[in-house]
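Below: the structure, in structure tokens.
If you're wondering where the values come from, they're calculated on a predicted model, not measured in any experiment. Quick note: residue numbers are just sequence positions, from 1.
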Amino acid sequence: MTVLSTKSELVTGLQNANQLVTKWFQEIPPENFFMRQAEVWSASDNLDHLIKSHKPITKALRLPKITLQAMFGGPEKSSMTYEELCKIYQDEIAKGARASGRYLPDQQDPLENAEAKKKELLDQWTKASSELVSIAEKWNESELDGYLLPHPLIGKLTIREMLFFTIYHNLRHPSQAGD
């Protein structure tokens, strides 16, 4: 992973991670895209989870900043680095933390039209990932460190840290490239 510190590097990192995710999922044949091994999520489950993870972040970043401040308070420390954030998340996963609630995939098992259903999920991913990049680009450098969002496993993160998490999470789900 390249260095992620400036807004420009962060946005580029998010775009690159999104492209890698898209390419990886596109290359899976439709007949394998929905297949699960026991309790392990299928490719479609992982992609659905990523879509569901992007939407609330995008929605929150569209809120007036005063609303974010009122809802989550303000940061009391500087933003962590990408590496520090990844380590904290990895530690939580090692302790057994898992996705839950609205972040769980729908776990589709189409008996027919797998190719069309795969395309539909990929289209949803493209839209969700593009919208997040677009709204992130509108935040300035200092704002990324000045507002908080809640993460279900890690707690409150600055916007910068949430975008770090999103990059890592995007890379982690299709493969272990994020680790």
Side-chain angles (χ1 to χ4, degrees), residues 1-25 41 45-105 125 128-179:
M1 176 54 76
T2 59
V3 174
L4 295 174
S5 59
T6 67
K7 175 192 162 185
S8 175
E9 292 166 343
L10 191 55
V11 168
T12 299
L14 192 56
Q15 290 169 324
N16 291 343
N18 291 347
Q19 289 170 357
L20 286 169
V21 168
T22 301
K23 183 179 184 315
W24 193 84
F25 284 112
W41 286 356
D45 296 336
N46 277 280
L47 188 57
D48 188 38
H49 170 71
L50 289 176
I51 294 164
K52 288 178 176 182
S53 298
H54 274 60
K55 287 182 176 182
I57 299 168
T58 301
K59 184 176 179 181
L61 294 182
R62 285 189 173 124
L63 291 172
K65 290 172 181 66
I66 194 165
T67 303
L68 291 177
Q69 181 78 35
M71 291 173 70
F72 308 117
E76 297 176 6
K77 60 179 183 51
S78 321
S79 292
M80 292 179 256
T81 65
Y82 177 81
E83 292 75 17
E84 290 167 331
L85 186 280
C86 292
K87 174 76 171 97
I88 289 170
Y89 182 68
Q90 290 164 356
D91 290 348
E92 289 301 313
I93 295 298
K95 290 185 224 171
R98 297 287 175 257
S100 61
R102 67 179 176 173
Y103 301 104
L104 289 173
W125 161 252
S129 61
S130 296
E131 286 177 352
L132 181 56
V133 168
S134 177
I135 197 70
E137 287 176 325
K138 294 179 178 161
W139 283 68
N140 71 40
E141 195 73 51
S142 65
E143 290 171 338
L144 294 172
D145 299 308
Y147 296 88
L148 297 172
L149 290 177
H151 185 280
L153 301 179
I154 304 172
K156 290 181 183 175
L157 299 176
T158 65
I159 304 305
R160 184 181 308 276
E161 292 165 342
M162 187 63 83
L163 295 174
F164 285 162
F165 167 78
T166 302
I167 292 168
Y168 177 75
H169 189 239
N170 285 354
L171 295 173
R172 189 175 195 282
H173 270 274
S175 70
Q176 293 305 309
D179 286 336

Are any of the side-chain heavy atoms of [X] and [Y] separated by less than 4.5 Å?
{"X": "Leu157", "Y": "Leu149", "answer": "no"}
{"X": "Arg102", "Y": "Pro56", "answer": "yes"}
{"X": "Gln69", "Y": "Leu148", "answer": "no"}
{"X": "Met80", "Y": "Phe164", "answer": "no"}
{"X": "Asn18", "Y": "Trp125", "answer": "yes"}
{"X": "Leu14", "Y": "Asn170", "answer": "yes"}
{"X": "Lys95", "Y": "Gln90", "answer": "no"}
{"X": "Asn46", "Y": "Phe25", "answer": "yes"}

Side-chain donor/acceptor of [X] to backbone N/O of [Y], under 3.5 Å:
{"X": "Lys55", "Y": "Ala128", "value": "no"}
{"X": "Arg160", "Y": "Glu141", "value": "yes"}
{"X": "Trp41", "Y": "His173", "value": "no"}

Suppose we screen for salt bridge (Lys or Arg N to Asp or Glu O under 4.0 Å). Which residues come up paired with [X], at least two apart in sequence or across chains?
{"X": "Lys52", "result": "Asp48, Asp106"}
{"X": "Lys77", "result": "Glu161"}
{"X": "Glu84", "result": "none"}

Contact summary for Gly146 and Pro75, nearest pair of heavy atoms: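 Here Gly146 and Pro75 meet closest at O-CD, 3.4 Å.
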For Ile93 against Ala97, the heavy-atom pair lying closest together: CD1-O, 3.5 Å
Candidate pair Ile159 and Trp139, rule side-chain contact (heavy atoms from CB on, under 4.5 Å), full reasoning: CA-CA 9 Å; Ile159 304 305; Trp139 283 68; 3.7 Å; yes
Inter-residue atom distance [X].[atom1] - [Y].[atom2], 0.5 Å rounding:
{"X": "Leu163", "Y": "Lys7", "atom1": "CG", "atom2": "NZ", "value": "10.5 Å"}
{"X": "Leu4", "Y": "Asn16", "atom1": "CG", "atom2": "CG", "value": "9.5 Å"}
{"X": "Arg98", "Y": "Leu104", "atom1": "CZ", "atom2": "CG", "value": "12.0 Å"}
{"X": "Leu153", "Y": "Glu92", "atom1": "CG", "atom2": "CD", "value": "6.5 Å"}
{"X": "Asp91", "Y": "Cys86", "atom1": "CG", "atom2": "SG", "value": "11.0 Å"}
{"X": "Leu85", "Y": "Tyr168", "atom1": "CG", "atom2": "OH", "value": "10.0 Å"}

Derivation and outcome, ring-ring contact (aromatic ring centres under 6.0 Å, His included), residues Phe165 and Tyr89: CA-CA 8 Å; Phe165 167 78; Tyr89 182 68; 4.9 Å; yes
Pairs meeting criterion side-chain hydrogen bond (donor to acceptor under 3.5 Å, both in side chains) with involvement of residues 57-67, two or more places apart: none
Chi angles and distances behind the side-chain contact (heavy atoms from CB on, under 4.5 Å) call for Glu9, Thr6: CA-CA 5 Å; Glu9 292 166 343; Thr6 67; 3.2 Å; yes
Residue pair His49 / His169, side-chain donor-acceptor N/O under 3.5 Å: yes
Check: Ser79/Asp145 side-chain N/O donor and acceptor closer than 3.5 Å: yes
Partner set under side-chain contact (heavy atoms from CB on, under 4.5 Å) for Lys138, not counting sequence neighbours: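 Listed in chain order: Ser134, Ile135.
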Partner residues of Ser130 under the side-chain contact (heavy atoms from CB on, under 4.5 Å) criterion, sequence neighbours left out: Thr126
